[in-house]
Amino acid sequence: MDPKLAPIRKGLLEFLVLKIVGARSVYVPDILRRLAGTEFATQEGTLYPLLSKLRREDLVQYEWQESDAGPPRKYYRLTETGRAQLAALDDYWNRINRTVSDIGT
Amino acid sequence: MQRISVTARLNRSTLQFEEAAYARLASYLDEAARTLAGNPDQAEILADLEQAIADKCSGRMPSSGPGVVTLAELEPALEEIGSVQVPGAAPAPDQPARPAARPLQQVSEGALISGVCQGLARYFGLDVTLVRVVAVLLLFVSGGAMILVYLILMLLLPFAPREPGSERIRTIPAKSRQFAGFVRSKLRAVAG
């Protein structure tokens with residue numbers, strides 16, 4: 001990948017994870033599946049540290065849910081703070097998006 | 001006799017690993033732990049990764065009988081999980097190896113009087129005992145004028161910020177901080 005594009009992708013990953021978690025309560029394979037095939041395809045090795053950071057920032061929280069196969073799973077969802085943060089990011093994203101398309105045309 | 005497999009407990013799952021697979025697993029987890037050193041969530045992230053490895057390996061095992069995970073099954077699982085990336089940590093190769101130069105300050109923690117000698121020692125990279133011995137020698141040689149020098153430095157030099165986790169400053173260094181603060185506020189009042 002073009003090294004100039006990597007930081008954009010990296011910076012937006014957190015936003016997209018918040019969006020996915022905000023839509024419904026999910027566990028990590030759900031998030032990976034949602035991102036697979038997009039520009040933001042990622043791996044557990046990246047996602048778990050990111051989710052732990054978001055939890056520490058009180059943006060997401062998780063609860064254990066029993067599964068039919070195997071051990072219980074961690075289901076993540078947004079906290080109130082996380083929801084506010086997501087709304088702010090969404091708003092900001094829309095504004096910079098507009099700026100980017102307006103400028104230089 | 002040959003050891004055939006190793007039983008490993010990965011978070012909430014227990015699996016049998018072939019010797020070579022076990023070694024690979026241990027080195028992956030070691031590497032992850034090193035990358036996460038100092039991260040407050042290190043233990044939790046490692047537990048999550050262990051569980052992900054266990055889930056993927058059990059998913060790849062033939063369902064019949066108690067299987068042993070081989071390198072052929074482990075390797076693609078680790079490939080899928082990828083190496084641990086710390087969020088927000090941009091690789092910083094242009095960081096200076098040397099810590100940033102600190103300004104000349106007094107260091108109250110562990111000070112004998114106010115921490116001037118400790119501050120000088122830190123600033124010049126000298127042993128604090130050496131600085132103290134020199135200061136005491138100068139005290140005698142200078143016929144007491146060194147006391148004045150010390151007082152001036154004590155009033156002029158800013159106090160170094162407290163190191164996190166250090167003990168509370170008590171007794172003489174605390175008193176001298178108070179004294180320096182008091183004199184400084186008086187001087188400011190006079191000047192302003």
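Each chain gets a letter, A, B and so on, in the order the sequences are listed, and its residues count up from 1.
Under the 4.5 Å side-chain contact rule for hydrophobic residues, A/Ile8 and A/Phe15 share a cluster. Following chains of ILVMFWY side-chain contacts shorter than 4.5 Å, one cannot reach B/Met146 starting from B/Leu156, and the two form parts of different hydrophobic clusters. The same ILVMFWY cluster, assembled from side-chain heavy atoms under 4.5 Å apart, contains both B/Phe124 and B/Val149. Residues A/Tyr27 and B/Ile81 do not share a hydrophobic cluster, defined by chaining ILVMFWY side chains whose heavy atoms lie under 4.5 Å apart. Put simply, B/Leu153 and B/Leu126 are part of the same group of oily side chains (I, L, V, M, F, W, Y) that touch within less than 4.5 Å, one to the next.
Other residues, nucleotides and ligands contribute at most 12 non-hydrogen atoms within 6.0 Å of the CD1 atom of B/Ile172. Other residues, nucleotides and ligands place more than 12 heavy atoms under 6.0 Å from the CZ atom of B/Phe159. Around the CD atom of B/Glu79, the shell of radius 6.0 Å holds no more than 12 heavy atoms that belong to other residues, nucleotides or ligands. Atom CZ of A/Arg34 is surrounded by 12 or fewer heavy atoms from other residues, nucleotides or ligands within 6.0 Å.
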For a side-chain contact (heavy atoms from CB on, under 4.5 Å) check, start with the C-alpha distance between A/Lys53 and B/Val86, then their side-chain angles and the critical distance, and finish with the verdict. CA-CA 9 Å; A/Lys53 184 184 83 103; B/Val86 185; over 6 Å; no
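Residues of residues 42-52 of chain B lying under 4.5 angstrom from chain A, judged on non-hydrogen atoms, are B/Glu44, B/Ile45, B/Asp48, B/Leu49, B/Gln51, B/Ala52 in numerical order. Within residues 73-94 of chain A, the residues having any heavy atom closer than 4.5 Å to a heavy atom of chain B are A/Lys74, A/Tyr76, listed by residue number. Taking non-hydrogen atoms and a 4.5 Å limit, the residue list of residues 40-50 of chain A in contact with chain B, ordered by number, reads A/Gln43, A/Glu44, A/Gly45, A/Thr46, A/Tyr48, A/Pro49, A/Leu50. Contacts between residues 174-185 of chain B and chain A, counted as heavy-atom pairs separated by less than 4.5 Å, involve no residue at all.
Only the side chain of B/Ser13 has a heavy atom closer than 4.5 Å to any heavy atom of chain A.
For the atom pair A/Ser52 OG and B/Leu36 CG, the distance stands at 8.5 Å (nearest 0.5 Å).
For the set B/Ala54, B/Pro40, B/Ala32, B/Ser83, the entry with the most heavy-atom pairs within less than 4.5 Å of chain A is B/Pro40.
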